[in-house]
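Numbers restart at 1 for each chain; the letters A, B, ... are given by sequence-line order, proteins then strands.
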Amino acid sequence: MRRFTVYDSLSRSTREFAPIHPPRVGLYVCGLTPYAPAHVGHGRTFVFFDVVARALRRWGYRVFYVQNVTNLDDKLIARGGEEGIDPLALADRHFLGYLASMERLGVRSVNYYPFATDYVPEILEQVRVLLDRGFAYVAADGSVYYEVAKFAGYGRLSGQKVEALRAGARVEVDPRKRSPEDFVLWKAATPGEPSWESPWGPGRPGWHIEDTAMTVRLLGDRYDLHGAAVDLIFPHHEAEIAQAEAATGRAPLVNYWMHGGLLLFDREKMSKSLGNVISLDEAIDSFGPGPLRLFYLNAQYRGPLDFHPDRTLAEAREAYARLAVGIERIDDLLERDGPERPGAEPPEALARDAQELVERLDRTLTDDFNTREAIALLFGWTRRIAEHLSQLETYSGAGLEELAAPYRWAEEVLGLFARERGSRAGAWGSIVPVAIAARARARARGDYAEADRIRDELRRAGVELEDGAGDTRWKAVGGA
RNA sequence: GCCGAGGUGGCAGAAUGGUUAAUGCGACGGACUGCAGAUCCGUUUCCUGGGGGUUCGAUUCCCUCCCUCGGCUCCA
């Protein structure tokens, strides 16, 4: 197991990681409340934690990655009401859409997506324990509230003092609460909403309780890593700590709290009210999965990242194309001739540098997942490869594979390039070479009108031709 | 107001108590090309918010001020 450091939001410091039960690592990331399609901001968070899980697995840890789905809450009920759909069905629909987006982005590292409503027994049990231990009280209408004043550590994660929270409270005080900072564990049922029987009457889970009910069940009283974006620190994560540590009597609930920065849209937070939300699928459509992942990972994960409408897209595309130059050429050759293709060995120094670079890439990521630095190193490698671009043709399959090692690393850990490789194995793979050959014959006899006609026709179909010295390369652009 | 993250070249965005401050985009020049595109090579010297302090030396550490963004019970 490779050692690494993580910035832990609770201690506000970068700490060396030590798993509770090596080599196993419990990783929990707050998932979506799927009341609407996922947007680009969600993509940033989930791609980043995908990289965390990939890296840990590469380094020898056995990661159990759980990402919850809040499939019932006020917004789902409201939205369902507007659209005349059962809120649970609405959640299912958007969650499936989310899964499809994740698949397109190459996010496949999550082991289990538990649904809140599948954990009602665990939730009821935890509420009961909190009541027994005196951390909660039942209101007149049958709702159960957590009494924040009873939990000494409340406010530590967010750095907020309870008094300050009261002073800054933006919501009106609910008369059912003993104190404004108390939060609901179990909501008394309102007619027409999904509800479950409970010792306190019919109701449904509050927002924070599902997470701790799930994690205690799935990951234990204490676990290693909890991830999410910063906007969930307060009140959500604060409440998780209060619930779980009070209920189990064990602390800390989480050893390392990881919080990713938000994706901004033209310097402002994305939000429905500002009308600046771009859906994740829209972004994948226009960027392509590779450039979008590159855009996300090209910044320190803890800082804000600005999505600028036109600039961002153009830059990500150009940068990705540049980065992929080397691996595309290598894969072209390997695809054409197979891994056993004969040829010379690449210069020893170059092959050795490839190996050393892979080690350096891993080391770079062990510094609190510095994906940005790793990408800078990969650009450097592309520069090296580009200098040898014309010699690549002469190298053996094994030799090419050696030079590809840094890119294979990027595929395994950062999830770059994977999707693009093999894209030409599809229908184009058999058609385009024939068209290119016909065009080459036209060019050879000086019939440029015909040559241009073929090129234009392919372009309309989404295939871009590039004439180089000797041969013509092609690539599928747009969708695919 | 309180808590947190930041202010770096035309733009995005790294890093380090000390030779030319990474990388990418853009721009410019060249190579290649039937033309174009893509690609390759080269150039882009004068960039680290203001003011103090510590130090032989600070962008990096400390103080202070200014500004931006986020959180303060909808939020990835």
Point to revise | B:A14 versus B:A21 - spacing of their C1' atoms, nearest Å | key: 9 Å

Review point. For A:L313 and B:C25, what is the distance between atoms CG and P respectively, to the nearest whole Å?
Key: 15 Å

**Study point:** Within 45° cone of A:Y137 ring axis and under 6.0 Å: A:R178 NZ or CZ
**Key:** yes

Point to revise | Pairwise C1' distance for B:U20 and B:U43, with rounding to whole Å | key: 15 Å

Quiz: residues 92-99 of chain A side-chain donor-acceptor pairs under 3.5 angstrom, not counting sequence neighbours:
residue	atom	partner	partner atom	Å
A:H94	ND1	A:P34	O	3.3
A:Y98	OH	A:Q67	OE1	2.6

Review point. Paired stems touching RNA chain B, three or more consecutive Watson-Crick or G-U pairs with both distances under 3.5 Å?
Key: B:1-7 with B:66-72, B:10-12 with B:23-25, B:26-31 with B:39-44, B:49-53 with B:61-65

Study note, to complete from the structure: Per atom distances to the A:D231 side chain, the nearest of B:C75, B:G70, B:A22 is B:C75

Practice item. Rounded to whole angstrom, note down the C1' distance from B:G53 over to B:C46. Key: 28 Å

Practice item. Could you tell me which residues satisfy side-chain contact (heavy atoms from CB on, under 4.5 Å) with A:A100, sequence neighbours excluded, listed by chain and number? Key: none

Exercise for review: Carefully, step by step, assess A:Y7 and A:F369 under the rule ring-ring contact (aromatic ring centres under 6.0 Å, His included).
Suggested key: CA-CA 9 Å; A:Y7 182 85; A:F369 303 95; over 10 Å; no

Exercise for review: For B:C25 versus B:C35, give the span between their C1' atoms, rounded off to a whole number of Å.
Suggested key: 27 Å

Point to revise | B:U68 and B:U8, which share atom name P, separated by this distance in whole Å | key: 14 Å

**Study point:** Whole angstrom value for the distance that separates P of B:A36 from CZ of A:R455
**Key:** 10 Å

Review point. Between B:U23 atom P and A:L323 atom CG, what is the distance in whole Å?
Key: 14 Å

Check your understanding: Would you say the side chain of A:D452 and the base of B:G34 hold a donor-acceptor pair, judged only by whether the two atoms sit under 3.5 Å apart?
Key -> yes

Which pairs, protein N/O on one side and nucleotides 38-42 of chain B N/O on the other, fall under 3.5 Å?
residue	atom	partner	partner atom	Å
B:A38	O2'	A:E466	OE1	3.1
B:A38	O2'	A:E466	OE2	3.3
B:C40	OP1	A:R322	NH1	2.2
B:C40	OP2	A:R322	NH1	3.0
B:G42	OP2	A:R383	NH1	3.1

Practice item. Assign A:G31 to base, sugar-phosphate, or nothing according to its heavy-atom contacts below 4.0 angstrom with the strands shown. Key: sugar-phosphate

Check your understanding: Counting any heavy atom closer than 4.0 Å, what does A:Y448 reach on the DNA or RNA strands: base, sugar-phosphate only, or nothing?
Key -> base

For nucleotides 59-64 of chain B, give me every protein contact, N/O to N/O, under 3.5 Å, one pair per line with atom names.
none

Study note, to complete from the structure: A:D211 atom CG is separated from B:C75 atom P, nearest whole Å, by 11 Å

Review point. How far, in whole Å, is B:G29 from B:U48 if one measures between their C1' atoms?
Key: 30 Å

Revision key, fill the gap. Per nearest nucleotide of RNA chain B, the residue lying toward the 5' end, A:G380 or A:L264, is A:G380

Check your understanding: Given that A:G159 and A:H208 both sit by RNA chain B, which one's nearest nucleotide is further toward the 5' end?
Key -> A:G159

Practice item. Under the salt bridge (charged side-chain N to carboxylate O under 4.0 Å, His left out) rule, collect the residues that match up with A:R439, sequence neighbours excluded. Key: A:D467

Check your understanding: For every nucleotide of nucleotides 10-15 of chain B, 5' to 3': is a protein heavy atom under 4.0 Å from its base (B), only from its sugar-phosphate (S), or from neither (-)?
Key -> -BBSSS

Practice item. Considering only atom P, compute the distance from B:U16 to B:G6 and round it to an integer number of Å. Key: 13 Å

Study note, to complete from the structure: So salt bridge (Lys or Arg N to Asp or Glu O under 4.0 Å) across residues 46-56 of chain A, not counting sequence neighbours, yields A:D50-A:R54, A:D50-A:R293

Study note, to complete from the structure: Between CG of A:L157 and P of B:G70 the distance, given in whole Å, is 20 Å

**Study point:** Salt bridge present between A:R322 and A:E318 (N-O < 4.0 angstrom)
**Key:** no

**Study point:** Parallel, tilted or perpendicular, as decided by the 30° and 60° cut-offs, for the rings of A:H226 and A:Y28
**Key:** perpendicular

Exercise for review: Could I get the full list of side-chain contact (heavy atoms from CB on, under 4.5 Å) partners for A:E359, not counting sequence neighbours?
Suggested key: A:R2, A:R363

Practice item. Using whole Å, report how far NE2 of A:H94 lies from P of B:A76. Key: 13 Å

Protein-nucleotides 17-19 of chain B N/O pairs closer than 3.5 Å?
none

Review point. Between CD1 of A:I123 and NE2 of A:H208, what distance do you get to the nearest 0.5 Å?
Key: 12.5 Å

Exercise for review: Please determine if a side-chain N or O atom of A:W381 lies less than 4.0 Å away from the OP1 or OP2 oxygen of B:U23.
Suggested key: no

Point to revise | Plane angle bin for A:H259 and A:H237 - parallel if under 30°, tilted between 30 and 60°, otherwise perpendicular | key: tilted

Practice item. Determine, for A:K187 against A:D73, whether the closest basic-nitrogen to carboxylate-oxygen distance falls under 4.0 angstrom. Key: no

**Study point:** Atom pair distance, as rounded to whole Å: NE2 in A:H226 and C1' in B:A76
**Key:** 11 Å

Check your understanding: Among B:U73, B:A76, B:U23, which is the nearest nucleotide to the side chain of A:E181?
Key -> B:U73

Review point. To the nearest Å, how far apart are A:R439 CZ and B:G34 P?
Key: 11 Å

**Study point:** Ring center gap for A:Y112 and A:Y65 short of 6.0 angstrom
**Key:** no

Practice item. Begin from the C-alpha positions of A:L105 and A:L280 and carry the test side chain to side chain contact (heavy atoms under 4.5 Å, CB included) through to its verdict. Key: CA-CA 10 Å; A:L105 273 177; A:L280 185 52; 4.1 Å; yes

Check your understanding: OH of A:Y407 to CH2 of A:W381: how many Å apart, nearest 0.5 Å?
Key -> 7.5 Å

Exercise for review: Check every strand shown and say whether A:L377 touches a base, only sugar-phosphate, or nothing at a heavy-atom separation below 4.0 Å.
Suggested key: nothing

Study note, to complete from the structure: Rounded to the nearest 0.5 Å, the CD1 atom of A:I454 sits from the CD1 atom of A:I436 at a distance of 10.0 Å

Review point. Which nucleotide sits closest to the side chain of A:F183: B:U73, B:A76, B:U33?
Key: B:U73

Exercise for review: Not counting sequence neighbours, which residues clear ring-ring contact (aromatic ring centres under 6.0 Å, His included) with A:F48? List them please.
Suggested key: A:Y301

Practice item. Pick the C1' atom in B:C32 and in B:A22, then give their distance to the nearest Å. Key: 30 Å

Review point. Are any side-chain N or O atoms of A:D224 and backbone N or O atoms of A:G26, one a donor and one an acceptor, separated by less than 3.5 Å?
Key: yes

Study note, to complete from the structure: Residues passing the ring-ring contact (aromatic ring centres under 6.0 Å, His included) test with A:F49, sequence neighbours excluded, are none

Check your understanding: Checking all strands, does A:R360 fall into the base, sugar-phosphate, or nothing category for heavy-atom contacts under 4.0 angstrom?
Key -> nothing

